[in-house]
Amino acid sequence: MLQGALAGLAAGGLYAVLAVCLTLMSRLVRVVNFSQAATGMFGGFVAVWLVTETGLPIWLGSVLGVLLAGVLSGVIGWIAATWLSEADTTTRSAMTVGPLLLLISLSFILFGNKPQPFASIISGPAFTLGGVVISQVTLVTVSLAIVVAVAVRILLTRTAIGTRLRALSERPTTAELLGIPSKPLSIAVWVVTGVISAIAIVVVAPTQSNDAISLAMLIVPAAAAALLGGFKRLDLAVVGGLVLGVLSGLVAQIDEVALIRNFLPFLFIVVLLLWTQRKEVWDAAR
Amino acid sequence: MPHADAGLARSRALRLAWPIGVAVVGVVAGYLLSIGLSGYFVFLAVSAVTAAIAILGLGIVTGSAGMIALCQLTFAAVGAWVVSLFNVLEVPGGFVVWLIAGGLAAGVVGILVGLPALRLRGVNLAVVTLGFAAAFDVTLLQIQFPGSKDGIPVLRPEGFSTDRGYFFFSIIVLAVCGLVVFWLQRGRWGSSWKAVAFSERGTASVGQSVQQAKLTAFAVSAALGGISGGLLAGQVQLPFASSFTPLQSLALYVLAVMSGAYLIDMAIFGGILWVLVPELLKRWGVPQDWGFVIFGALGVQALTSGTNLGQGIRNLWWKRADRRAAAAREAAKADAAAHPAVVEPPVEASVPTLPTSAPRPASGEPALSVTGLTVRFGALKALDEVSLEVPAGSVMGLIGPNGAGKSTFVDAISGFLPQASGAVRLGGTTLGRMSPTKRARLGLRRTFQQDRVPPALTVDAYVRFVARRRVTAEEVAEVLDFFGCPPARTRLAGVDVGTRRLVEVAANVLARPRVLLLDEPAAGLSHEEHLELGARLREVPARYGMAIVLIEHDLDLVRTVCSTLTVLDFGRVLASGPQDEVLADPAVIKAYMGETEML
């Protein structure tokens, strides 16, 4: 039982990292980025290709793949910042469905639709806890999620660039009038979250089902986790990701409820939304 | 005018008949295609038809109602699953009954998935539907379609069992779906979808439940998805999960957005693209996955530019038609000027002029009475124990400097501020904690300071939607004429904001509420239009039988239009009563006009 729960923790860490990125995007650049996991997936696949086809060392291939993911994310951000700077969250988010579709299909063309032979960057047990083995992957993803969340929080509240970012997200036009370079800053947010997501995916991919669809659709549990924090709170996003991972690990242990496992993120989303939106709110002010 | 009546009746019959005519022509063309096309193309054509029906459904949710739904093929899978199940169980009634059952089942699933979406908008719904698509896809792989393990093929309808026959059958289904969607779009539901996409507040304030609008959109869309899936089950006879993946749902969504699928012809065009693009790629020896890459790129283009193919074409067409109409008007004018012998009687006589005397306050039971209305925003008291009465059949002016709480008052009375305390009575009914929708249905209507008129509607559709009762074309024309609005056939998208708000006032007057709250209706109008509106409003209580609360800054106008006045300042009632008394009140003069100004 405990083994199952802890086995889910590695996935939970991945969900948490992605959820933190989603929350960050939602807060700073007003978007729910549906291609968040897809850019990471694509970068990871390119890394695998670089390592297996051109014989690059694993670390170099991974770095290049992660950077490519950042660039891809930045391109999408550039599109959003150039043509949708005044659009509402829904329109901006809807736009990211296009890149999601595009990246999955493109990876089918380039790499086929089979799982990719990801080489493990990190493997092996880290330590045992009460007779249960905690893998290094689990340790790395969970700490990555926490570190990113804490670092982002410090960045946003304690530094000048954080203040600018917050100004940008809350009053984009005012921020621009104050001379804050809104476009480069928001593209930078896209690049950074793209890089972080890709790192998490490259680390966890060897131990997960790692075909293009499975990886790109990580966006669903990630969004579920981010919803726990209402796409606003980073700490709750981390908690949401970990809880969801542990829950899936638990449910996977019990054969009778195995079908529920597929619907777990969906149910998580529905319950959370019903709870958080139980009070009727009107759309725009007045 | 019997002649005009006959013409009107004919045009009404024509309006009713032409969609049926188009459908019949479509079915005939489908029959000709079904015997003319080669076998391979017939199969492809059925795929195009099933995709078109699914896209038709998406057009309602994403195009008209403005929600993001990313699980259309999951609904299709539900439809296909039910058809397969009924086939295995040999449910009596045959394929047609199974197909309808599949559509209904998908509609029910749509409602279940949409239920959490009732209070959600935009992005959250996208997350819910994507989650549902992903979950159902994995589950479908595990449970498979009924009969697929034993290889029991789905029985096609009798008389349509060949591929050609089945294509003809699918065309009939498409024609029926198209007709149903056409009528729904033209009716109340269609108007409510387009209204909710533009503004939820605007929708609720005319007595339309926002939840119902969203749920019907979702259910109809899902049902169409189910029918599409059922048709596909009959086409391939052994459906597999691979036909209903989330990826294809995403592609379908993108395709619906870029083609403009709320337009029926564009949904059909989208269905053709769905089949044509991969087929062309196949012929050119390009991997078919490039199809979705193309869709993805074009989708980004469509979503960033906010345009789509169908609307683009229509806009071009409309612009040409408008230009031609304008040219014709000019020519007629020039013609009239050239032949001054034909003198027309002056038509401007009906424009009333502003009377110089102040209107007299009406007596009798108040239409609206407010006692102790208080609204707090945090520490700020936006309204502080506001009490006032609006006499029946009168126009009350609500004035006060910026920030006095006038719009907050309107929001609180119309039910958009549930935290408001105090008692509001409409006629004999206490409103309590009623929703805005319910208040509107009881006869309390309001207009907004901002533009809340959905641009996707025509003036006629909007006026009828707001009126919420059966109105004749003559009534609509009369009220539009009275307020100097553009004619009923005009598209609201092509009307400036000031005029849109005039249409909003006219439509709400036609709804015949007990009380109509007008929040600065003249903002955005020229000075002349402004005065004209004032003169019309003065006539409204007697002519249409309602009380009006008018928020207005122009004191001259207030003086000529309003019989009673209430002055708000910092959320308190400074004075309330007959106009001349209130305006003579020294406190009002001091607080509102400044001490030196003489009235």
Side-chain angles (χ1 to χ4, degrees), chain A residues 26 31-32 34 76 79-80 82-84 87-109 113 212-213 216-217 219-221 223-224 226-227 231 258-259 261-271 273-274 277-284 286, chain B residues 62 66-68 70 113 115-117 119-124 126-128 130-139 142-143 199-201 204 245-247 250-251 253-254 257 287 289-293 295-306 407-408 411 416 418 435-436 448-450:
Chain A
S26 163
V31 73
V32 173
F34 287 104
I76 304 169
I79 292 173
T82 308
W83 287 287
L84 294 172
D88 59 0
T89 309
T90 307
T91 313
R92 290 165 71 93
S93 308
M95 183 273 286
T96 63
V97 172
L100 170 62
L101 179 66
L102 192 151
L103 286 172
I104 295 176
S105 307
L106 202 58
S107 82
F108 281 171
I109 296 167
N113 53 8
I213 294 275
M217 284 297 163
I219 190 72
V220 172
L227 264 174
F231 281 105
L259 274 185
R261 190 184 179 201
N262 311 326
F263 281 92
L264 201 62
F266 172 66
L267 293 174
F268 202 82
I269 293 169
V270 168
V271 169
L273 282 177
L274 285 179
Q277 316 260 329
R278 66 194 179 285
K279 286 180 196 149
E280 193 166 16
V281 218
W282 291 100
D283 45 356
R286 209 162 262 164
Chain B
T62 63
M67 303 188 278
I68 309 176
L70 301 176
V113 175
L115 267 179
R119 292 192 185 130
L120 314 181
R121 45 191 77 91
V123 183
N124 285 342
V127 174
V128 170
L130 189 62
F132 182 64
F136 197 88
D137 181 50
V138 184
T139 311
Q142 290 167 355
I143 61 174
S199 163
E200 292 188 4
R201 282 169 182 253
T245 59
L247 190 67
L250 292 179
Y253 165 76
V254 166
V257 168
D289 285 314
W290 278 106
F292 283 0
V293 176
F295 285 168
L298 288 178
V300 170
Q301 193 277 331
L303 284 158
T304 45
S305 61
S407 290
T408 306
D411 275 353
F416 286 99
S435 68
F448 291 88
Q449 250 189 61
Q450 292 80 11

Subject >> Minimum heavy-atom distance A223(A)-V127(B), with the two atoms named >> reply: CB-CG1, 3.7 Å
**OP:** Kindly give the heavy-atom pair with the smallest separation between N262(A) and Q142(B), and that separation in Å.
**Re:** ND2-OE1, 3.3 Å
Subject >> Contact winner vs chain A - L130(B), L298(B), V254(B), heavy-atom pairs under 4.5 Å >> reply: L130(B)
Original post:
With respect to chain A, which residue among G291(B), S305(B), G299(B), G296(B) yields the maximal number of heavy-atom pairs within a distance under 4.5 Å?
Top reply: G296(B)
**OP:** Measure distances from L70(B) to the heavy atoms of chain A and classify the residue's part below 4.5 Å as side chain, backbone, both or neither.
**Re:** side chain
Original post:
Looking at P265(A), A80(A), A94(A), which has the largest count of heavy-atom pairs under 4.5 Å with chain B?
Top reply: A94(A)
Original post:
Can you say whether L227(A) sits under 4.5 Å from chain B via the side chain, the backbone, both, or neither, judging by heavy atoms?
Top reply: side chain
Original post:
Between F132(B) and F266(A), what is the ring plane arrangement, given parallel below 30°, perpendicular above 60°, and tilted in between?
Top reply: tilted
Subject >> Nearest heavy-atom neighbours spanning M95(A) and T304(B) >> reply: CG-CG2, 3.8 Å
Original post:
Can you find a pair of side-chain heavy atoms, one from V270(A) and one from L115(B), that are under 4.5 Å apart?
Top reply: no
Subject >> Contact origin within I219(A) toward chain B - heavy atom pairs under 4.5 Å >> reply: side chain
**OP:** Rounded to the nearest 0.5 Å, what's the gap from CG on D289(B) to OG on S107(A)? Could you check?
**Re:** 8.5 Å
Original post:
So what's closer than 4.5 Å to chain B heavy atoms on T89(A): side chain, backbone, both or neither?
Top reply: both
Original post:
In Å, rounded to the nearest 0.5 Å, how long is the span from CG of L303(B) to OG1 of T96(A)?
Top reply: 9.0 Å
Subject >> Approximate separation, where rounding is to 0.5 Å, of I104(A) CD1 and L250(B) CG >> reply: 6.5 Å
**OP:** Apply side-chain contact (heavy atoms from CB on, under 4.5 Å) to A251(B) and list each qualifying residue two or more places apart in sequence or on a separate chain.
**Re:** L101(A), W274(B), F292(B), F295(B)
Subject >> Under the side-chain contact (heavy atoms from CB on, under 4.5 Å) test, residues paired with L102(A) that sit two or more places apart >> reply: L106(A), V293(B), A297(B)
Original post:
Given a strict heavy-atom distance threshold of 4.5 Å, which part of M217(A) is in contact with chain B: side chain, backbone, both, or neither?
Top reply: side chain
Subject >> Test side chain to side chain contact (heavy atoms under 4.5 Å, CB included) applied to V138(B) and F263(A), step by step >> reply: CA-CA 9 Å; V138(B) 184; F263(A) 281 92; over 6 Å; no
Original post:
When heavy-atom pairs shorter than 4.5 Å are enumerated against chain B, which of L100(A), V271(A), V220(A) gives the highest number?
Top reply: V220(A)
Subject >> Under 4.5 Å from a heavy atom of chain A, the part of F136(B) involved >> reply: both
Original post:
Going by heavy atoms in the side chains, are P246(B) and I213(A) under 4.5 Å from each other?
Top reply: no
**OP:** Under 4.5 Å heavy-atom distance to chain B, tell me which part of F268(A) shows up: side chain, backbone, both or neither.
**Re:** neither
